[in-house]
There are 2 protein chains.
Amino acid sequence: MKKLKDFRHIILYGLILAVLVFALKWLQWKFVLVDNAIDIYIGAIALFFTILGIWVASHIMKPKVETLIVEKEIIVQPPEVFTLNTAELQKLNLNNREYEVLQLLAKGHSNADIAANLFLSVSTIKTHVSNLYFKMDVKSRTQAITKAKQLKIIE
Amino acid sequence: MKKLKDFRHIILYGLILAVLVFALKWLQWKFVLVDNAIDIYIGAIALFFTILGIWVASHIMKPKVETLIVEKEIIVQPPEVFTLNTAELQKLNLNNREYEVLQLLAKGHSNADIAANLFLSVSTIKTHVSNLYFKMDVKSRTQAITKAKQLKIIE
DNA sequence: CTTACCCTCATACTTTAGTACCAAAATTGC
DNA sequence: GCAATTTTGGTACTAAAGTATGAGGGTAAG
């Protein structure tokens, strides 16, 4: 398709050239110019090398490349991204130990488990847990877990 | 649009050619070219028209269009899509009441709350809860909640 | 130095949770 | 209708959770 159109241009150009040359000849004959076959020869040379130039250009030269960038959208679903809600966490004003206890609590550990885990007595854990409930405004560990997960302050 | 541009080139070329031919004629008449110089003259013509052909070709040639598909990743944060893991739920072999109790349990309700909610006695709830723990292989309601959420059998 | 908060632990008590065992309706499937 | 299962409920007991209160040591800010 492309070549055909290009050829059209070349043929068109050739025809124009030919017409021009013959017009020139006619002018020569008409106005008593010196009869020189060299003109036709030069015309042929010009025609040949023009075509050669076009051929060289279209075959040897790097083709102009227009790059069309098409964006293909791919939807990616992130595998459970946990983002700690620090704002809510600060609101509760929990101290380090309380937060630590909360995390173990939410994992399903009993007070005894948490005590063993943190090398503390069960009494201490109970104190922390009670303070935790007060600060979180809940009345049981199950409520604490539910609320903590809802507020995204624990994983 | 393209045709107009192409024609412009052809016309331009034609004009240049015409000017050149007349210039040539003028040179011939003016300086009476020496026979020996004709080779150089023809060579110059050839070179000129070759370059002209290349120029014409490079201007007429249609650019090759390359389509480059770029994959653009769009991260979509799903607004909490809960998909019930029916497979895991079936494995546990819970009956309707037990599952119902589990859901209320996970909301942070006490046995008394659940009993009131389902119009049942606390004894019944205790029975269901115990069976639930046995089937889920846990020992407390906190563990049941953690496991249930982990298995995605409750919201 | 005092105040305030954090962290620890204890005792005493109440409440809730959880286990074990039993048993009677109700429902389901054959 | 009968067997199996579900659903319901009870009693009695143990274990764990949760509350209330006090108290001692540590640390940081004023």
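Just so we're clear, the structure is a prediction, and the values are computed from it rather than from any experiment.
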What I'd like to find out is whether the side chain of B:M136 reaches to under 4.5 Å of the side chain of B:L92, using heavy atoms alone. yes
request  = Give a yes/no on whether any side-chain N or O of B:N111 is located under 4.0 angstrom from OP1 or OP2 of C:dT16.
outcome  = no
pair B:N117-B:D113: side-chain heavy atoms closer than 4.5 Å:
no
Output for pair (B:E98 CD, B:F134 CZ), nearest 0.5 Å, gives 11.0 Å
Under 4.0 Å between a side-chain N or O of B:N96 and OP1 or OP2 of D:dT6?
-> no
A:N95 atom CG is separated from C:dC6 atom P, nearest whole Å, by 5 Å
So CG of A:N95 and NE2 of A:H128: to nearest 0.5 Å the spacing works out to 7.0 Å
Rounding to 0.5 Å, atoms CG (A:L132) and CD (A:E100) come to a distance of 12.0 Å
* Asked: Reckon B:Y133 has a side-chain N or O less than 4.0 Å from the OP1 or OP2 of C:dT19?
  -> no
Give a yes/no answer on whether the side chain of A:S121 brings an N or O atom under 4.0 Å of OP1 or OP2 in C:dA10. yes
Check the phosphate of D:dT7 against B:H128, side-chain N and O only, distance under 4.0 Å to OP1 or OP2. Yes or no? no
Given side chains that start at C-beta, do those of B:V138 and B:T146 come closer than 4.5 Å, heavy atoms only?
-> no
Between CG of B:D137 and C1' of C:dG18 the distance, given in whole Å, is 16 Å
To the nearest angstrom, the CG-C1' distance between B:L105 and C:dT16 comes to 13 Å
Here the distance between atom P of D:dT5 and atom CD of B:E98, to the nearest Å, is 14 Å
Taken to the nearest whole Å, CG/B:N131 to P/D:dT5 is 14 Å
If two hydrophobic side chains count as joined below 4.5 Å and joins carry through other members, does B:V129 share a cluster with B:L151? yes
| said: Just to be sure I understand the rule, does A:S110 reach a base, reach only the sugar-phosphate, or reach nothing, if contact means heavy atoms closer than 4.0 Å? | reply: sugar-phosphate
When rounded to whole Å, the CZ to P distance for the pair B:R141 and D:dA15 reads 19 Å
Separation of C:dC13 atom C1' from A:K126 atom NZ, nearest Å, is 10 Å
Base, sugar-phosphate, or nothing for B:T127, non-hydrogen atoms under 4.0 angstrom?
base
So, does A:T124 get its side chain near the phosphate of C:dT8, meaning an N or O under 4.0 Å from OP1 or OP2? no
The nucleotide from D:dG9, D:dG18, C:dT8 with an atom nearest the side chain of A:L120 is C:dT8
With five pairs defining each end axis, the helix from C:dC1-D:dG30 to C:dC30-D:dG1 comes out bent, to 10°, by 60°
Of A:K139 and B:N93, the one whose closest nucleotide on DNA chain D sits nearer the 5' end is B:N93
Here the distance between atom P of C:dT15 and atom CG of B:D113, to the nearest Å, is 16 Å
Practice item. Examine D:dT19: is either OP1 or OP2 under 4.0 Å from a nitrogen or oxygen in the side chain of A:S130? Give yes or no. Key: yes
Query raised in the report: Is there a side-chain polar atom (N or O) of A:R97 under 4.0 Å from OP1 or OP2 of C:dT8?
Result: yes
Output for pair (B:S110 OG, A:K139 NZ), nearest 0.5 Å, gives 10.5 Å
